[in-house]
**Student:** 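Following this message is one structure expressed as structure tokens.
Quick note on labels: first sequence line is chain A, next is B, and so on, each numbered from 1.
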There are 2 protein chains.
Amino acid sequence: MKLDSIDKRLIEALQHNAETPVAELADAVGLSQTSCWRRVQRLKDAGVLRASVMLVDRHQVNVGVTVFVSVRTSTHSQDWFDRFHAAVQAIPEVVEFYRMSGDVDYLLRVVVPDIAAYDQVYKRLIRDTQLSDVSSSFAMEELKFTTALPLSYV
Amino acid sequence: MKLDSIDKRLIEALQHNAETPVAELADAVGLSQTSCWRRVQRLKDAGVLRASVMLVDRHQVNVGVTVFVSVRTSTHSQDWFDRFHAAVQAIPEVVEFYRMSGDVDYLLRVVVPDIAAYDQVYKRLIRDTQLSDVSSSFAMEELKFTTALPLSYV
DNA sequence: AATGAAACGCAAAGCCG
DNA sequence: CGGCTTTGCGTTTCATT
């Protein structure tokens, strides 16, 4: 889908605050409320705006600890991957999961309350998927986290 | 703030879909519309529900490539850190930024259209902060990404 | 055909029992 | 704390260019 500079400004606003009233968006971009609303609708329909979600405070729901898990594997069969993929999808503590290039094969971001809870997740992971080479790095501090993507490349 | 099982279910619903009508939430948890609305309000005021945002399709805004950047540093002065922190905050391509334990000092997640664009960000990073030991890993595939935190620990 | 203005209906927010 | 009222916003329709 082709996005012009007005679309860009709408996306920019909405990816920071999904509750921005259409009226406010409208006069920010200098459009009537109706045509502005139609644009937003178009962006939703096209799937550019994928979803509207509420972000939850990590600490208040007791998952203050972030762990990055690097996985190296020797078995690269489709069958193994399918099971691995399904197992990881089913673990709610895993919030991000990537297949990597380079010497690490997979990278996971896991959120848990503490080290003990991480150990549970870790054990579940290696039990469900027969992983061997797994290494964990703990984040001491979250310095930046945003769901807002840069729009300079559209 | 203390969260009971009803709060949990409200958070669960809203962190998947922020547009869920209060009426729908209400009869999902078996509460009147009014008291349900009050609960949601309470959760917002307490900051448990931090923000309502729209998630944008990475590919449609031309940032399909994810790079993890590991930074090792020798200078650990407060002054250097402040400049580093400010520099990274100012780069919109950096969507996550953690201070780590272990042999990597900082970990960044960067989103860009392609390798060439990543090189620009990389150069900006080392120029602005005099970094020396930087290593980049490219994600080949995003297998899971969710903003929904596990609520099993509340 | 595209845009804006104005009416409609629904859901959210305030009030009172 | 639950039901009712009102207000304001999102949505639709219609007129206008």
Side-chain angles (χ1 to χ4, degrees), chain A residues 1-62 146-151 153-154, chain B residues 1-62 145-149 151-152 154:
Chain A
M1 180 186 174
K2 213 186 146 334
L3 302 171
D4 67 16
S5 75
I6 293 180
D7 291 322
K8 240 174 95 166
R9 292 165 69 191
L10 296 175
I11 297 167
E12 182 61 25
L14 290 170
Q15 77 174 343
H16 284 102
N17 179 13
E19 285 166 354
T20 318
V22 188
E24 191 176 311
L25 292 173
D27 70 54
V29 302
L31 239 61
S32 81
Q33 187 169 322
T34 311
S35 45
C36 184
W37 177 82
R38 275 197 276 256
R39 283 210 185 227
V40 174
Q41 220 55 26
R42 213 172 108 259
L43 292 168
K44 286 183 185 175
D45 292 343
V48 179
L49 302 172
R50 289 199 291 122
S52 177
V53 301
M54 290 227 160
L55 301 182
V56 172
D57 186 283
R58 292 191 303 125
H59 298 98
Q60 297 213 51
V61 293
N62 196 28
T146 180
T147 54
L149 303 177
L151 299 178
Y153 303 107
V154 301
Chain B
M1 179 186 175
K2 211 187 149 329
L3 302 171
D4 66 16
S5 76
I6 293 180
D7 291 321
K8 239 173 96 165
R9 291 165 69 191
L10 296 175
I11 296 167
E12 183 61 25
L14 290 170
Q15 76 175 342
H16 283 104
N17 179 14
E19 286 165 354
T20 318
V22 185
E24 193 176 311
L25 292 173
D27 70 54
V29 301
L31 240 61
S32 82
Q33 191 168 317
T34 310
S35 46
C36 183
W37 178 81
R38 274 199 275 258
R39 282 210 186 228
V40 175
Q41 220 56 26
R42 210 171 111 261
L43 292 168
K44 286 182 183 176
D45 292 343
V48 180
L49 301 172
R50 292 198 288 123
S52 176
V53 301
M54 289 225 158
L55 301 182
V56 172
D57 186 283
R58 293 191 302 125
H59 297 98
Q60 296 213 51
V61 294
N62 195 30
F145 178 85
T146 181
T147 54
L149 302 177
L151 299 179
S152 30
V154 301

**Student:** With no angle test and no hydrogens, is the base of dA5(C) tied to the side chain of S32(A) by a donor-acceptor pair under 3.5 Å?
**Tutor:**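 No.
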**Student:** Sequence neighbours excluded, which residues qualify as salt bridge (charged side-chain N to carboxylate O under 4.0 Å, His left out) partners of E12(B)?
**Tutor:**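 By the salt bridge (charged side-chain N to carboxylate O under 4.0 Å, His left out) rule, E12(B) matches no residue at all.
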**Student:** Please report the distance, rounded to the nearest Å, between CD in Q33(B) and P in dA12(C).
**Tutor:**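 Rounded to the whole Å, the gap is 7 Å.
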**Student:** Strictly below 4.0 Å, heavy-atom distances to any atom of DNA chain C: list the hits from residues 1-22 of chain B, or just say none.
**Tutor:**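 When residues 1-22 of chain B is checked for heavy atoms under 4.0 Å from DNA chain C, the hits, listed by number, are P21(B), V22(B).
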**Student:** List for me each residue that meets salt bridge (charged side-chain N to carboxylate O under 4.0 Å, His left out) alongside R42(B), sequence neighbours excluded, and say none if there are none.
**Tutor:**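 With sequence neighbours excluded, R42(B) shows a salt bridge (charged side-chain N to carboxylate O under 4.0 Å, His left out) to D7(B), given in chain and number order.
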**Student:** Kindly write out the residues that satisfy side-chain hydrogen bond (donor to acceptor under 3.5 Å, both in side chains) with T20(A), not counting sequence neighbours, or none if the list is empty.
**Tutor:**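 None.
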**Student:** Listed by chain and number, what are the side-chain hydrogen bond (donor to acceptor under 3.5 Å, both in side chains) partners of S35(A), not counting sequence neighbours?
**Tutor:**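 S35(A) satisfies side-chain hydrogen bond (donor to acceptor under 3.5 Å, both in side chains) with S32(A) only.
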**Student:** Apply side chain to side chain contact (heavy atoms under 4.5 Å, CB included) to A28(A) and list each qualifying residue two or more places apart in sequence or on a separate chain.
**Tutor:**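 Counting only residues at least two positions away or on another chain, A28(A) forms no side chain to side chain contact (heavy atoms under 4.5 Å, CB included).
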**Student:** Could you list where the contact with chain A starts and ends along DNA chain D, reading 5' to 3', using a 4.0 Å heavy-atom cut-off?
**Tutor:**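 That gives a stretch of dG10(D) to dT13(D).
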**Student:** Output all residues satisfying side chain to side chain contact (heavy atoms under 4.5 Å, CB included) with A46(B), sequence neighbours left out; order by chain, then residue number.
**Tutor:**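 Partners of A46(B) by the side chain to side chain contact (heavy atoms under 4.5 Å, CB included) criterion, ordered by chain and then number, come out as M1(B), V48(B).
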**Student:** What residues, two or more places apart in sequence or in another chain, satisfy side-chain hydrogen bond (donor to acceptor under 3.5 Å, both in side chains) together with D4(B)?
**Tutor:**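 For D4(B), the residues satisfying side-chain hydrogen bond (donor to acceptor under 3.5 Å, both in side chains) (neighbours in sequence not counted) are R39(B).
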**Student:** Let's see if you get this right: which residues in residues 35-55 of chain B place a heavy atom under 4.0 Å from DNA chain D?
**Tutor:**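 Residues of residues 35-55 of chain B that come under 4.0 Å of DNA chain D are, in numerical order, S35(B), R38(B).
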**Student:** Can you pull out every salt bridge (charged side-chain N to carboxylate O under 4.0 Å, His left out) where at least one residue sits in residues 14-27 of chain A? Sequence neighbours excluded, please.
**Tutor:**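 Listed once each, the pairs are E19(A)-K44(B).
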**Student:** Sequence neighbours excluded, which residues qualify as side chain to side chain contact (heavy atoms under 4.5 Å, CB included) partners of A18(B)?
**Tutor:**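 S52(A), M54(A), S52(B).
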**Student:** Which pair of heavy atoms, one from V22(A) and one from C36(A), lies closest together, and at what distance?
**Tutor:**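 Taking every non-hydrogen atom into account, O-SG, 4.1 Å.
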